[in-house]
Enquirer: 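Before I ask anything, let me first share the structure, which is written out below as C-alpha cells.
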Amino acid sequence: MDEFKEQLIIKKSDQLHHEIRTCICELVKISTSSSTSAVDIIPLTNKLTVRIVNFINEFEPRPKLLEAHLAEYIESLTNLYLSSKYSIIKSSIGEIVYNFAKIRQFKQVALYFSSDLYIINKLIRLSSELTNEFEIFLCLIWLCNLVLVPFNFNNIDPDLSNKLYEIGQRNLRKYNNGSKNQVISSILLSRLLSRGDCQALLDKYFEHTKVNWLNESDTSKLGYYLCINKLLKRKQLCEEQLSVIYHLIIDDLLFSPSHQSVLNILYSIKILSKLAIYYIKTGSYPQVQDIVNNLINDIMNNMINQFDTNLRYAFAKSLSAIIKQLSFSATNYQDQLIKYVIDQLELPQNYDDINIAKTHSILLTLGYITLTKSLPERYVSQLLDICHYCLFIKIRRLSFNLGTQLRDSSTFIIWTICRTTKSPPPSKIVGIFSDLLRVLVFDQDLTLKRCSIAVLQELLGRFGNIIVPIGDDHTRGETIIGIMEVFNELSLVNKTVSYQVIDLLYSKIDLSFLIEGLVDHISEYDGNGKYLCKLLQQPRELELSPRQEYDIGTITNKLVRANRWHILFDFPEVPTELLHSTFANFTYSETKEAMILGYLKFLISYKFPTDSDWDNLFKIMNKSEYTSEFQVLFSKLDTIPEDSLFDHVQFSSTLSNCLFNYRHFSQVELSMIVKIMRNEKVDAEIRSNLINNLSDNFQFHNLNVASLYDLFDDYTTTEQGDVGSKIRLAMIRLVGNNIEYFFGNDMIKLKLIRLSGELMDRIRHRSFELLYLLDRDTIDEISLKDHYWSELFNYYGELQEGREREEFWKGLVFSVGSFTGNQQIINDAFNELLRFQPNLDDFRILTSFLKLDKNSPSRTLKCITMTLNLFLKLLTANFRFPSGIDYNGLFIKCYNLHINTGNLTRVTTVLRIFYYLSKVDTSLKQRIDDRLFWLLTKHKSPKIKILVGQEILFEIVNDLQDLEALSRYDEVNWDELSEEDIVFIKSILH
C-alpha cells in the first residue's frame, strides 16, 4: 500500500505543485486586489488555505518531492507576509509554512527563508506581539535561519543576542509537550547559544539552569532538555557544563522519578547517551559506567511501567550508540556491557511472566547493536536462540493477545544478523529459517508475516547453500529461486493462517516442522484438517535438515482433548474404532457443542441416522454454521422423516439450505415444499434458501417449474424493505445454474425481460445476461457493463411479440419513472429512453398501464404511479411526442386516477401532468383549468388546495409574465381563500 501511494504521488507531483502555485497566486491576488471587500477576504482565504494544506499533505509518502519548488513557495509566502495588511492572510501564511515544515521537516524548510538581516528586528517585534501560533511559528523558523548568519551580532545591534535569547526562552516556557513552537524555539536557542560571539549567553544559560532547576515545573524542564539535547549536537561543551547537565538529570531521575513525564525521560536518555559518548572519547570510563548504570537500572528497570514504545526505541538506540563507540577504544568493556545487556533478559517458560516493556527494550538494543556491527561473533548463536524463543511469544489478555512487538523485534535481530554476520552457525540458520516459515504461516499479524518474508529472502540470499544442502549447485540454485518465487506469489491476509505457503512449498521442501504448529493452531482456534493430512503425507525425500518426527498417537490425543474430532476424519488412516466408540450412541447437549462437527462427519461416513440421531439433528439444525455438513449428509440419505422436516424447514435456515440435497422426494412431497416456497408468511430468507438449494440440486428432482413462475413476481415488502428481491434473485440464480433446461421457455423469457428493467443492479444485470444466453449462447460482458441501457433498448428493438414488449415496459417504468433510488442509474435510463425515441405503439402500451381496478395488487398500483411519473418526466423535458398521440385519452386516464383517492403522490403527479398537457394540447386547457379551479375552491383536502395553489397555479401565473398578477398572487392566503382571491384565481384560469 505504501509503495502504491509513493508511485501515485510521483505521478501527481507536477499537478500538485501546479495547484499549490496557483493557490498561492490567488492568495497574493486577494491581498493586493482593491476590488475584494474585507468581508469576502476571510472565507476566500480560509478556502485557499485548506486547499493548499491538503495538497501539501499529499506529499507525505515522498516529502522530498516538495523540494522542487519549495524555495519559490517560501519566497512568495514570506514576501506576502511582510507586505500584506490583512491579519487573516498572515495567519494563513503561518499555517501553510507550518504544514510545509511538518511534511518536509523544520530544519529543511528553514533553509529557504531569506537571510536578510534588515528584517530581523521586525521579526523580533512581531514574535513578541503575535497571538496566532502559526504566525509565531513562522517568525521563529525565520529567526532560526537568521541566527546562523556569519556576522558578529554585536556589530549589528549590541542588544540583538539578548533579544533573541529572550524570545527563545520565553517560547520554550510558554509552550509545552514538545509542540511545534516549543521544538522550534529550542532550535533557535541552541543555534544562538552555539555561536562563537554568544559565549557569555551560554554561560548565563547554564547558570540560570543550575540556579532555577529545582523550582522549574516538569513542563519547563522539557524546554531545557530540548535545548540541551540540540546544543550537544552542535557544540562541544566544557566539563563543568557537562557535569551540570548530568547531575541535574540524575537528581530528577533518582529523587522524583514518579514526576517525570515520558518526554522528559525520552530526552534524558538522549542526553545521557551523548554525554557517555563524549566521556568515551576522553577516556573517562568511570563516568561512562555511571551513565550506563543510570540508563539500565535507574531508567529502564525503575521506570519500566512508563516505558512506552518511543522510550524503548530511544533507549535501544542510545545504548547501542554507546556500545558502538566503545568498539573504537574499549572492546573489553564493550564485551562486558553486551553480556550485561543480554543477562537483563528474563525468558521464563510461562509467557505470562514476561515483562513486555523490558524485554522489548533489550531486544531492540540487541538489534541495533548488531546493525551497527558491534556484536562479537561469539554472541550470534545465543542471540538466535533468544529469537527462537521470542518469535512465538503470545500473552493473552482478555480478548486480545500481546507480544507482537517482541516477535517483531526478534525478526529485526535476525535480519541484522543476516546483514552483518558472515558465518553464523549452520544449524541455527536452518532452525531460524524454519521458525520464520512458522511465523509466516501461523502468525495472525500481517506486518509480522511481511517482515518474516523479508528476513526469509535475506536468509536465502546470503545462506541459501546452508539452508538447501541437497543436490548439486544447479539443483540447489533452482530450489532456492523456486522458494524465492513462492514468497513473491503469496497473498497475505491479516488474522488468518497462510495455508497458501503449504500449497506453494509442498513440492519444494520438507514442511514437517509445521505439523506441531498446525496441531496447536487447530487445537486452539480450529482449522483446516486437510492441510494437516497433507503435511502428514508429505514425501520424506524433500527434507532440508533432520526431519522433525511426529507421533500420530500424540497428535490424535491432543486433538481429542481439544474436542477437534472432525479433524480425525482427514487423517491418512482414520481412527475408526475411536470414532465409533465416541459417536455410535451420541446424545447432543450444549456441553457437547464442540463435538457437533465430528458427530456430523461420523454420520456422513459411518452411520445411517436413527430416531435418536434425528432428535440430535433437529437440535443442531438451529446452528447455521453446519450447513455444508448437512448438505452432504442429506445427499447420502435414502429416507428422511418428511413430516417433521416440512414443519421444521419453515423456521430453519440450515434445513432450508440443504432440504433438496435429499434426492428421493415424491411429487406430493415436492408440491408441499413448493407450497412453502410460495407462502409469503414464511420468512423470505428461508424461501430464497429453498430456491437456491433447489437450484444446486435441480437435476435430481422432477419438479414442475411452472409452479414457481409466480416467484419471479414476488415483491413482498416489510420493515426491512423489498425482501421479495431475495426471492427474485434466487429464481434468477435457478435459471442461470440450469440454463440448458430453460432454452425455448417463453414464460421465463417474459419474466427476465421485465426484470431486466428493474432498478436493482444485481437483478437487472443478471436477468439481461440470461436473456442473451437463452437467445444467443454468448454474452458481451464489457458491453453490458458499460452500455447497459443502450444494449437493453437495442434488445427491445428486436422484440416482435406484443407480450414481450409489454413486459419490457412493465419493468422499465420502475427504473425510468422511479421517485427514489440511485439517481445516476435513473438518469442514465431516462437519457437512453430519450435517445431511443419511443413510438406510438410504445406509448399505447404505457398508457394501457394507467388502468385501476378495485382489487389491483400493490405492484399494479406502483406501476401506475411510476408510469405517471414517466409521462411527467417526458413532459417536463419537453419531449417531442410522436404525432398522433392521444393526449385526450391520456388526460381521461389521469383524471380517473386522481379522483377518489388519498394517494397524495399519485394526485400530485397527475396535477403536474395536467399543467403540461394544457400547454402541449390547447384543446384540453379549459377542462384542465376548470378542474384546477374546482380543486382550489371545492376540494376538502387542504394539502391538495395548497399543492394546486403554490405549485401548479404559480407556474401558470409565472408563464403570464405579468408583474401585477405575480404581486396579487403573493397576497393569496391558501389556507382560507377570500372572495377576492377566488375572483383573482378565476381570472387566471379562465
Side-chain angles (χ1 to χ4, degrees), residues 526 529 560 562-569 576 578-698 700-701 703 723 726-727 730:
D526 208 349
V560 167
N563 273 319
R564 306 302 182 199
W565 296 89
H566 56 284
I567 302 297
L568 304 182
F569 291 88
T576 54
L578 173 64
L579 293 171
H580 273 86
S581 65
T582 303
F583 293 116
N585 298 300
F586 180 78
T587 301
Y588 169 71
S589 66
E590 291 185 3
T591 60
K592 297 180 180 179
E593 193 160 324
M595 302 176 71
I596 290 176
L597 194 51
Y599 172 61
L600 292 175
K601 285 199 170 188
F602 178 78
L603 292 179
I604 292 168
S605 303
Y606 299 114
K607 184 183 181 186
F608 193 87
T610 62
D611 289 344
S612 62
D613 290 320
W614 277 111
D615 289 340
N616 291 332
L617 292 173
F618 279 121
K619 295 174 184 177
I620 296 170
M621 281 177 193
N622 295 323
K623 303 177 184 300
S624 59
E625 61 265 35
Y626 302 112
T627 297
S628 60
E629 284 72 30
F630 270 102
Q631 287 175 339
V632 176
L633 177 61
F634 270 61
S635 68
K636 291 177 175 291
L637 297 179
D638 294 326
T639 61
I640 57 173
E642 295 92 349
D643 293 341
S644 298
L645 286 172
F646 293 164
D647 290 337
H648 200 76
V649 73
Q650 302 179 49
F651 312 100
S652 171
S653 175
T654 299
L655 185 53
S656 65
N657 273 307
C658 69
L659 188 62
F660 282 107
N661 286 80
Y662 177 70
R663 300 174 181 179
H664 308 289
F665 285 122
S666 67
Q667 287 299 312
V668 174
E669 290 164 345
L670 287 173
S671 298
M672 292 174 67
I673 302 174
V674 169
K675 189 175 180 180
I676 295 171
M677 295 161 71
R678 291 167 58 92
N679 186 352
E680 294 184 4
K681 294 181 180 179
V682 176
D683 185 79
E685 191 75 38
I686 300 293
R687 297 164 63 207
S688 65
N689 288 345
L690 284 167
I691 300 168
N692 285 323
N693 186 230
L694 171 63
S695 173
D696 296 333
N697 298 278
F698 191 74
F700 302 117
H701 300 283
L703 186 144
V723 295
K726 297 178 181 179
I727 311 298

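Throughout, numbering of the chain's residues begins at 1 and tracks the sequence. These numbers come from the heavy atoms of this one structure, side chains and all, not from hydrogens, waters or symmetry mates.
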Enquirer: Honestly, is K607 close enough over F583, meaning NZ or CZ under 6.0 Å from the six-membered ring centre and within 45° of the axis?
Expert: no

Enquirer: Determine whether the side chains of N693 and N661 contain a donor N or O and an acceptor N or O closer than 3.5 Å.
Expert: yes

Enquirer: With rounding to the nearest 0.5 angstrom, report the CD1 to OG distance, I691 to S656.
Expert: 10.5 Å

Enquirer: Among pairs that include at least one residue of residues 629-639, which meet side chain to side chain donor-acceptor pair (under 3.5 Å), considering only residues two or more places apart or in two chains?
Expert: none

Enquirer: Could you list the residues that satisfy ring-ring contact (aromatic ring centres under 6.0 Å, His included) with Y662, not counting sequence neighbours?
Expert: H664, F665

Enquirer: Would you give the length of the straight line joining atom CD1 of I620 to atom CZ of F630, rounded to the nearest 0.5 angstrom?
Expert: 5.5 Å

Enquirer: Can you list the residues that meet the side-chain contact (heavy atoms from CB on, under 4.5 Å) rule with F700, with sequence neighbours excluded?
Expert: R663, N697

Enquirer: So, do F660 and N689 sit near enough that their side-chain heavy atoms are less than 4.5 Å apart?
Expert: no

Enquirer: Taking only residues two or more places apart in sequence, or in another chain, which ones meet K619 in a side chain to side chain donor-acceptor pair (under 3.5 Å)?
Expert: none

Enquirer: Working to the nearest 0.5 Å, report the span between CZ of R678 and CG of L690.
Expert: 14.0 Å

Enquirer: Quick check: do V560 and T582 have side-chain heavy atoms less than 4.5 Å from each other?
Expert: no

Enquirer: Rounded to the nearest 0.5 Å, what separates atom CD1 in I673 from atom CG in L659?
Expert: 4.5 Å

Enquirer: Hey, mind stepping through W565 and L597 against side-chain contact (heavy atoms from CB on, under 4.5 Å) and telling me if it holds?
Expert: CA-CA 7 Å; W565 296 89; L597 194 51; over 6 Å; no

Enquirer: Mind checking what makes ring-ring contact (aromatic ring centres under 6.0 Å, His included) contact with Y626, not counting sequence neighbours?
Expert: none

Enquirer: Does N679 have any side-chain contact (heavy atoms from CB on, under 4.5 Å) partners at least two apart in sequence or in another chain, and if so, which?
Expert: K681, V682

Enquirer: Quick one: does H648's side chain get under 4.5 Å of N622's, heavy atoms only?
Expert: yes

Enquirer: Going by heavy atoms in the side chains, are M621 and L645 under 4.5 Å from each other?
Expert: yes

Enquirer: Would you sort out whether M677 and L694 count as a side-chain contact (heavy atoms from CB on, under 4.5 Å), showing the intermediate values?
Expert: CA-CA 11 Å; M677 295 161 71; L694 171 63; 4.2 Å; yes

Enquirer: Could you tell me which residues satisfy side chain to side chain donor-acceptor pair (under 3.5 Å) with T587, sequence neighbours excluded, listed by chain and number?
Expert: none

Enquirer: Could you measure the distance from the CD1 atom of I596 to the CG atom of N563? Nearest 0.5 Å is fine.
Expert: 11.0 Å

Enquirer: In chain order, what residues pass the side chain to side chain donor-acceptor pair (under 3.5 Å) check against T627, with sequence neighbours excluded?
Expert: none

Enquirer: Under the criterion side-chain contact (heavy atoms from CB on, under 4.5 Å), I'd like the reasoning laid out for W614 against I640: C-alpha separation, chi angles, the key distance, then a yes or no.
Expert: CA-CA 9 Å; W614 277 111; I640 57 173; 4.0 Å; yes

Enquirer: Going by atom types only, do Y599 and D613 share a side-chain donor-acceptor pair under 3.5 Å?
Expert: yes

Enquirer: Tell me, please, which residues at least two apart from S581 pass side-chain contact (heavy atoms from CB on, under 4.5 Å).
Expert: L578

Enquirer: Return the set of residues passing side-chain contact (heavy atoms from CB on, under 4.5 Å) with S644 (not counting sequence neighbours), or none when no residue passes.
Expert: F618, P641

Enquirer: Using the side chain to side chain donor-acceptor pair (under 3.5 Å) criterion, which residues pair with H566? Sequence neighbours excluded.
Expert: D526

Enquirer: Going by ring-ring contact (aromatic ring centres under 6.0 Å, His included), name the residues that satisfy it together with Y606, two or more places apart in sequence or in a different chain.
Expert: H580, F602

Enquirer: So how far is it from D611 CG to L617 CG, rounded to the nearest 0.5 Å?
Expert: 11.0 Å

Enquirer: Which atoms form the tightest heavy-atom contact between A730 and S688, and what is the distance?
Expert: CB-O, 3.8 Å

